[in-house]
A.B. asks: 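This is the structure I have questions about; it appears just below.
For this chain, numbers begin at 1 and follow the sequence in order.
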Amino acid sequence: MDNVLLRVAIYPYDYEMQPYLRYNSMIKSIKPVILLTPNGWALENGQLCGYKVQTVLSNDDYQSLDAIWITDSVNHVQDKQIYEIAEEFLKHNKQILLSRHIQKETYDDLVQLVNTYSGELVNLLQSEQCINFNTIPAKLYDIYTPIIDIAGIGEKTDKFLLQLAVKDYLERQGYHTILVSSRDNSLYLDNVYSLPVFMNGGIPPEYKIILYNHFIKKIEEEKPEVIIIGIPGEIMPISKVQPGHFGIHAFQILNAVNPDFLIMSLYGNEISGKYVKELKQIMKYKFVANIDCFYLGNYAQDVFTVNRSRPIEYFLINEKDKIQLRDNLKNELEYEEKIYIDTEIEMLGQYIIDCLNENFEIEVL
């Protein structure tokens with residue numbers, strides 16, 4: 001029975017979940033069946049990677065499911081909607097798998113629903129642990145496993161998609177690869193760890209650096225041949241009005257573990273060769289890290305929304321425009337920099353292996 005996969009609906013489905021579906025061979029313990037999306041998101045009544053996308057469930061749908069996985073999303077969903085969809089599943093004696101951050105009152109209401117109906121609520125969120133700093137050695141350990149860092153100039157640069165893509169390629173080449181995700185809820189993925197909860201906790205910043213280093217050292221005991229580290233958020237403020245988190249996670253992680261290969265993910269906006277060169281200098285002198293190659297994400301920033309207090313807006317760029325952007329940038333840089341797009345993961349992966357092999361002997365399993 002332990003090997004039986006839970007058949008799940010994923011709610012609320014949007015772009016946030018697409019990396020999972022694109023690399024669904026990594027998914028373990030569950031089997032996504034239906035992608036459930038709220039009305040008005042313009043995602044319904046379609047197919048994605050072979051999955052049905054719909055806004056309502058029939059009785060037959062409920063019978064084909066064991067649980068609903070309530071996840072984070074880019075688009076906003078009110079807790080009231082979460083409560084209502086959970087209640088319907090509990091009425092059908094299904095499990096609720098919760099990895100979405102919701103209000104405490106809403107969570108308490110869900111617990112009461114479980115007592116009313118014969119279902120089950122599984123809280124997948126990481127809980128903060130009490131840390132005794134007196135027992136933690138105030139030192140950084142050397143990491144001997146090759147480290148690949150994947151950072152982004154900001155949010156929505158396809159960092160998580162790129163992390164899974166690189167992991168998938170390396171595994172197909174026979175390398176035992178472990179990913180430490182840039183997300184704090186990277187669940188049900190084989191050999192993937194979520195961003196540790198202490199990185200967003202209230203502990204002193206210097207201990208976050210130390211604990212993250214110790215966290216990676218512990219993973220090294222599993223004897224991976226490569227460790228991929230996803231860096232959350234931005235590497236620096238986008239603007240004075242949109243500072244984000246000031247690149248704090250990047251500072252902490254890059255101080256905790258030195259990368260052997262660093263990929264910088266960019267927006268799909270038109271940028272100059274001068275910008276790329278300056279970005280490399282910033283990473284070198286601010287983080288003591290060298291960018292080995294660049295990746296153009298699938299989204300561009302609406303530059304007119306960067307200097308306002310409301311959220312930054314993004315738009316999807318098509319493949320033709322992305323190729324043109326990449327080619328123009330390469331030409332301006334006289335082909336001195338490696339710049340990849342999502343259709344060139346094989347080339348990117350091989351470049352990573354070639355570079356690492358200059359410094360490490362990695363034996364294929």
Side-chain angles (χ1 to χ4, degrees), residues 12-22 37-44 46 48 53 71-78 100-101 150-165 182-183 230-250 263-280 282-283 291 293-333 337 339-344:
Y13 163 72
D14 69 359
Y15 178 78
E16 187 83 353
M17 185 53 58
Q18 288 189 15
Y20 269 84
L21 306 177
R22 187 163 174 179
T37 185
N39 277 311
W41 284 13
L43 297 169
E44 62 270 19
L48 181 75
V53 183
T71 70
D72 280 334
S73 59
V74 175
N75 295 314
H76 177 69
V77 175
Q78 293 183 345
R100 185 185 184 90
H101 296 276
I150 297 178
I153 194 67
E155 297 285 0
K156 217 172 175 68
T157 51
D158 289 322
K159 292 190 298 289
F160 185 57
L161 178 66
L162 181 56
Q163 291 158 42
L164 295 184
S182 56
R183 295 184 179 181
I231 297 178
E234 67 292 315
I235 60 163
M236 57 186 178
I238 298 298
S239 70
K240 291 184 177 180
V241 183
Q242 297 282 358
H245 295 93
F246 297 93
I248 289 174
H249 277 319
I263 307 172
M264 180 60 66
S265 190
L266 305 170
Y267 292 115
N269 295 80
E270 286 193 29
I271 56 175
S272 66
K274 180 182 177 182
Y275 173 88
V276 169
K277 292 177 179 178
E278 289 178 348
L279 183 57
K280 293 192 72 171
I282 289 171
M283 292 301 295
I291 298 175
C293 70
F294 294 90
Y295 176 84
L296 278 182
N298 294 309
Y299 278 81
Q301 279 184 330
D302 182 343
V303 295
F304 297 105
T305 67
V306 168
N307 289 304
R308 67 178 192 184
S309 58
R310 296 195 302 275
I312 298 173
E313 295 180 10
Y314 304 87
F315 56 91
L316 188 66
I317 58 174
N318 62 48
E319 196 70 19
K320 181 179 178 182
D321 289 343
K322 191 162 48 177
I323 292 171
Q324 188 66 54
L325 283 170
R326 188 272 318 274
D327 290 346
N328 290 345
L329 191 55
K330 276 189 169 184
N331 286 333
E332 185 179 348
L333 291 164
E337 301 294 342
I339 306 169
Y340 299 95
I341 58 177
D342 58 354
T343 56
E344 299 172 334

A.B. asks: Would you mind telling me which of Glu319, Lys322, Gln18 makes a side-chain hydrogen bond (donor to acceptor under 3.5 Å, both in side chains) with Asn298?
C.D. replies: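 Result for side-chain hydrogen bond (donor to acceptor under 3.5 Å, both in side chains) with Asn298: Lys322.
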A.B. asks: Hey, mind stepping through Arg326 and Glu344 against side-chain contact (heavy atoms from CB on, under 4.5 Å) and telling me if it holds?
C.D. replies: CA-CA 12 Å; Arg326 188 272 318 274; Glu344 299 172 334; 2.5 Å; yes
A.B. asks: State, to 0.1 Å, how close Val306 and Gln242 come at their nearest heavy-atom pair, and which atoms those are.
C.D. replies: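 Looking at all heavy atoms of both residues, the closest pair is O-CG, 3.0 Å.
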A.B. asks: For Ser309 and Val241, work out which heavy atoms get closest and say how close.
C.D. replies: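 Distance-wise, the nearest heavy atoms are N-CG1, 3.7 Å.
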A.B. asks: How far does CG of Leu333 sit from CG of Leu329, to the nearest 0.5 angstrom?
C.D. replies: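 The CG atom of Leu333 sits 5.0 Å away from the CG atom of Leu329.
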A.B. asks: Check whether any side-chain N or O of Ser239 sits under 3.5 Å from a backbone N or O of Asn307 as a donor-acceptor pair, and report yes or no.
C.D. replies: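 No; judged by distance alone, with no hydrogens or angles, the pair does not exist.
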A.B. asks: In Å and rounded to the nearest 0.5 Å, what is the CD1 to OG distance from Ile231 to Ser265?
C.D. replies: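 Ile231 CD1 to Ser265 OG: 11.5 Å, rounded to 0.5 Å.
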A.B. asks: Check Ile235 against Ala250 and note the closest heavy-atom contact, atom names and distance.
C.D. replies: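 Shortest heavy-atom separation between Ile235 and Ala250 comes out as CA-CB, 4.1 Å.
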A.B. asks: Check Lys277 with Glu337, please: is the shortest side-chain N to carboxylate O separation under 4.0 Å?
C.D. replies: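 Not counted as a salt bridge, because no side-chain N and carboxylate O are separated by less than 4.0 Å.
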A.B. asks: In terms of side-chain heavy atoms, does Glu16 have a donor or acceptor partner in Thr71 at a distance below 3.5 Å?
C.D. replies: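 Looking only at side-chain atoms, Thr71 and Glu16 do not form any donor-acceptor pair under 3.5 Å.
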A.B. asks: I'd like to know whether Tyr314 forms a side-chain contact (heavy atoms from CB on, under 4.5 Å) with Asp302, so could you lay out the CA-CA distance, the side-chain angles of the two residues, the decisive distance to 0.1 Å, and finally the verdict.
C.D. replies: CA-CA 5 Å; Tyr314 304 87; Asp302 182 343; over 6 Å; no
A.B. asks: Quick one: pull up CG in Leu266 and CD1 in Ile271 and give me the separation to the nearest 0.5 Å.
C.D. replies: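 CD1 of Ile271 is found 4.5 Å from CG of Leu266.
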A.B. asks: Between Asp72 and Arg183, is the closest basic N to carboxylate O distance under 4.0 Å?
C.D. replies: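 So Arg183 does not pair with Asp72 through a salt bridge.
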A.B. asks: Can you see which heavy atom on Pro12 is nearest to which on Ser73, and at what distance?
C.D. replies: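 It is CG-OG, 3.6 Å.
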A.B. asks: How long is the gap from CZ on Phe160 to CE on Met17, to the nearest 0.5 Å?
C.D. replies: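 Atom-to-atom, Phe160:CZ and Met17:CE are 8.5 Å apart.
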A.B. asks: Answer yes or no: is there a donor N or O on one side and an acceptor on the other, between the side chain of Arg308 and the main chain of Pro311, under 3.5 Å?
C.D. replies: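 Present.
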A.B. asks: Are any side-chain N or O atoms of Lys159 and backbone N or O atoms of Gly233, one a donor and one an acceptor, separated by less than 3.5 Å?
C.D. replies: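 Such a contact is found between Lys159 side chain and Gly233 backbone.
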A.B. asks: Just by modelled atom types, is the Gly244 backbone N or O under 3.5 Å from a matching donor or acceptor in the Glu234 side chain?
C.D. replies: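 No, because the side chain of Glu234 does not come within donor-acceptor range (under 3.5 Å) of the backbone of Gly244.
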A.B. asks: Side chains of Ile339 and Cys293, heavy atoms from C-beta outward: is any pair under 4.5 Å?
C.D. replies: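 No; the side chains remain at least 4.5 Å from each other.
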A.B. asks: Are the side chains of Ile341 and Tyr295 in contact, using a 4.5 Å heavy-atom criterion?
C.D. replies: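 Of all side-chain heavy-atom pairs linking Ile341 with Tyr295, none is under 4.5 Å.
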A.B. asks: To check you understand the geometry: which heavy-atom pair defines the closest contact between Phe315 and Gln301, and what is its length?
C.D. replies: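 The answer is CE2-O, 3.7 Å.
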A.B. asks: Measure across Leu279 and Phe294 and return the closest heavy-atom pair with its distance rounded to 0.1 Å.
C.D. replies: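 Residues Leu279 and Phe294, closest heavy atoms: CD2-CE2, 3.9 Å.
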A.B. asks: Whether the side chain of Asp321 engages the backbone of Ile317 through a donor-acceptor N/O pair (distance < 3.5 Å, no angle test) should be reported.
C.D. replies: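 Judged by distance alone, no pair lies under 3.5 Å.
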A.B. asks: Answer yes if the side chains of Asn328 and Glu332 hold a donor-acceptor pair under 3.5 Å, and no otherwise.
C.D. replies: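 There is no such pair (donor and acceptor under 3.5 Å, judged by atom type) between the side chains of Asn328 and Glu332.
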